[in-house]
Structure formats: structure tokens, C-alpha cells
Protein chains: 2
Amino acid sequence: MDLHEQLRARGYRLTPQRQLVLDAVTALGHATPEDAHAWIQLRASGVNISTVYRTLELLEQLGLVNHAHLSHGAPTYHAATAPEHVHLVCRGCGMITEVEPAEVEPMTGMLREQHGFQADVGHLTVFGECATCVP
Amino acid sequence: MDLHEQLRARGYRLTPQRQLVLDAVTALGHATPEDAHAWIQLRASGVNISTVYRTLELLEQLGLVNHAHLSHGAPTYHAATAPEHVHLVCRGCGMITEVEPAEVEPMTGMLREQHGFQADVGHLTVFGECATCVP
DNA sequence: GTTGGTGCAAAATGTTTGCACGGGG
DNA sequence: CCCCGTGCAAACATTTTGCACCAAC
């Protein structure tokens, strides 16, 4: 099901801007609103930054992108077509590693059973230090 | 070791403002810069918000407070004297639950052994839905 | 008396909104 | 042709910075 149909099914229109924002997030893998905006500027006449914000919000409602909070505060979006994953962010070098949700299942299972808490794994970010940066 | 000594040991001065900011964070448990500022206004003539920011940054350097990212984007500080803990944030009702680091040891141990990643547990926040909000 | 810390105001940053025009359906 | 979506500019919220004065030591 392509973007056009996804939008029409909910009464929204397909515009070049919306396609570009989704393309940007898909191509970049991890993109802040500014990252996506910059990517678009490189290959199109330009999309206003406020349209990028509005579009990311819409795409997230549609379930086409998700966001997590990586580098402090800035929301980072990634396409929902990519498999859900946990992010490890290294404070030393800034490197971002992706980990399979299955690997943290022991923790999420514990939270569910012990605390009745249903964790949103796709939104989970673990800060720390990677192998090369550990003191 | 009290705040005065902690500061002097590193060449900083003790001021009423610094004591108040630390008091605010300790009393509130979880406090954004604005929360701390508001708490101080209630019992002292007033501390400028920019001083609150500068002081929180300093106290974090000294290891007297830590911060995590709870409600999207806003940094939330807590006193380092409180035992380190993981935060569970419910998207439904906003409730914040604290979990012992020992409980997530299976995950942090796995990250350390499988990925060489040393997780900062005190900074870890898990978003999801609590028992009463799960659909 | 020195020097670092604070208050104030302005700037920088990131995000949202009101409105009129233009393009998608 | 209608109305949603966009660009633009302004409003907004949050955090940072420059500078003169004041207080800690």
C-alpha cells in the first residue's frame, strides 16, 4: 500500500511535499525535522520547515513514521517500514546502534508481568557508552 | 560532605541560589528547570530562571544531580543522593514509576556482554502504557 | 580587594499558529 | 470548482549569552 492510498484512505491528499518528507526519513534512517528539511533542500526547490513539522506529525498519526528521542531533546524520526528497534546512544562518540526488540524481551516481559507496564520498545533509547568509549 | 565543601573543593563558591536549587530538586524528587524555579519562588525572594539553568548544569558536573528525559523533551533533574532508578512513563495518564536498576540488570548485562555497551541506567526512561491505561 | 556569580535583557534555538493563496482531487 | 495544504511571517516556548553590579571569600 503506497503513500497515495494511505493518505486517500483517511481523506488526506497526496502532495509532493508529503512524498518528499517520507522519502527523506526513509533515506536518512534517523532524521530530526531539520535533517529531513536539509535533505529535501538538496534535491527539490524547497519545502518550508513548518510543513516538515506538520507532515511528520501527520505521518506519525498514520503510523508511517515513528519517533524516539536520541541526542538530548531532539525528536528523531524513522520510517515505520523499517523493523522496530531499540536505540543505543553512546555519549562518548555519539554513535547510534540498533538492537532487536527480541534482545530486550527479558526486560519488557518483566515490566509487563511485575509492573503491568506495556513498554513501547520502538521508542526505547538507552544512553551510555559504547565499547570503544568505555573508560 | 555538604554542598559548601563540594563546591569549595572544585574552586566554586557557595551561594544561597545554589543551595536553593539543590534543595528544590531534592524536595521535588523530579523537577524540570521550571519546576525548580517555581518551587524556589514560593519560599524565597526569587532566583532568576537563567541562574537555575546555570546552577543545574553546574550541579550535574559535580555529580550532585542527574537528569533524564521524561515528558517529551523536557529534561527532568533529580538529586544524586536518591538511589539511581529507571523511569517508566505512561503515555496514557502520565504517571511516572520508578524501578530498581537490579530489575533491568538482565538487559543491561546483555548489552554489556553482547554489544560492549555500558548503559547509563540512571538516565534510562521507558515509555509505554501502565496497567490501568493498557487498551 | 578580587574574582566569580547573579540579575537583567537580548539573542539564539526549536516549534507552533493564523491567514491568504494555489494546487490536488 | 471546492477546499485542503502550503508558504510566509509572526507568535511562542525554552535555553543561552553578554554585560554591569554585587556578594563570597
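Naming convention: chains lettered A, B, ... in sequence-line order (proteins, then strands); numbering from 1 in each chain.
- Rounded to whole angstrom, the span from the CZ atom of Arg10(B) across to the C1' atom of dG5(C) amounts to 18 Å.
- Contact between the side-chain N/O atoms of Gln17(A) and the OP1/OP2 oxygens of dG23(C) is not found at any separation under 4.0 Å.
- For residues 24-35 of chain B, proximity to DNA chain C is found at no residue, defined as any non-hydrogen atom under 4.0 angstrom from a strand atom.
- A side-chain donor-acceptor contact under 3.5 Å links Gln41(B) to the backbone of Val47(B).
- With sequence neighbours excluded, no residue forms a side-chain contact (heavy atoms from CB on, under 4.5 Å) with Ala82(A).
- Partners of Tyr12(B) according to the side-chain contact (heavy atoms from CB on, under 4.5 Å) rule, which considers only residues two or more places apart in sequence or in another chain, are Leu7(B), Arg10(B), Arg18(B), Leu58(B), Gln61(B), Leu62(B).
- Leu20(B) places its CG atom 16 Å from the P atom of dG5(C), with the value rounded to the nearest Å.
- A donor-acceptor contact shorter than 3.5 Å is absent between the side chain of His78(A) and the backbone of His67(A).
- Thr26(B) meets the side-chain contact (heavy atoms from CB on, under 4.5 Å) test with Leu22(B), Ala79(B); sequence neighbours excluded.
- Every residue two or more places apart in sequence or in another chain that forms a side chain to side chain donor-acceptor pair (under 3.5 Å) with Thr32(A) is listed here: Asp35(A).
- Look at CD on Glu57(A): it is 13 Å from P on dG5(D), rounded to the nearest Å.
- With sequence neighbours left out, Glu105(B) forms a side-chain contact (heavy atoms from CB on, under 4.5 Å) with Thr108(B), Arg112(B).
- Contacts with DNA chain D (heavy atom under 4.0 Å) in residues 40-48 of chain A: Gly46(A), Val47(A), Asn48(A), listed by number.
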For residues 86-96 of chain B, which side-chain N or O atoms pair as donor and acceptor with protein atoms under 3.5 Å away, sequence neighbours left out?
| residue | atom | partner | partner atom | Å |
| --- | --- | --- | --- | --- |
| His87(B) | NE2 | His30(B) | NE2 | 2.7 |
| His87(B) | NE2 | His85(B) | NE2 | 3.1 |
| Arg91(B) | NH1 | Asp120(A) | OD2 | 3.1 |
| Arg91(B) | NH2 | Asp120(A) | OD2 | 3.1 |

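- Between the P atom of dA12(C) and the CD1 atom of Ile49(A) lies a distance of 19 Å, rounded to the nearest Å.
- Annotation: side chain to side chain donor-acceptor pair (under 3.5 Å) contacts of Glu57(A) (sequence neighbours excluded): none.
- Taking atom OH on Tyr77(A) and atom C1' on dT15(C), their separation rounds to 10 Å, with Å as the unit.
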Encode nucleotides 18-25 of chain D as B, S and - characters from 5' to 3', where the letter depends on protein heavy atoms closer than 4.0 Å: B to the base, S only to sugar-phosphate, - to neither. B----BBS

Using distance only, find each side-chain donor-acceptor pair of residues 122-135 of chain A under 3.5 Å and give its atom names and separation, not counting sequence neighbours.
none

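- A distance of 10.5 Å separates NE2 in His69(B) from CG in Leu70(A), rounded to the nearest 0.5 Å.
- Of the inter-residue distances, the one linking Ile40(A) atom CD1 with Asn48(A) atom CG reads 10.5 Å to the nearest 0.5 angstrom.
- As a whole-Å value, the separation of Leu56(B) CG from dG5(C) C1' is 15 Å.
- In this model, the phosphate group of dT15(C) is approached by a side-chain N or O of Tyr53(A) to a distance below 4.0 Å at OP1 or OP2.
- For the helix from dG1(C)-dC25(D) to dG25(C)-dC1(D), the angle separating the two terminal helix axes comes to 30°, with each axis derived from five pairs and the value rounded to 10°.
- Atom-to-atom, CG of Leu58(A) to P of dT16(C) comes out at 14 Å; the value is rounded to the nearest Å.
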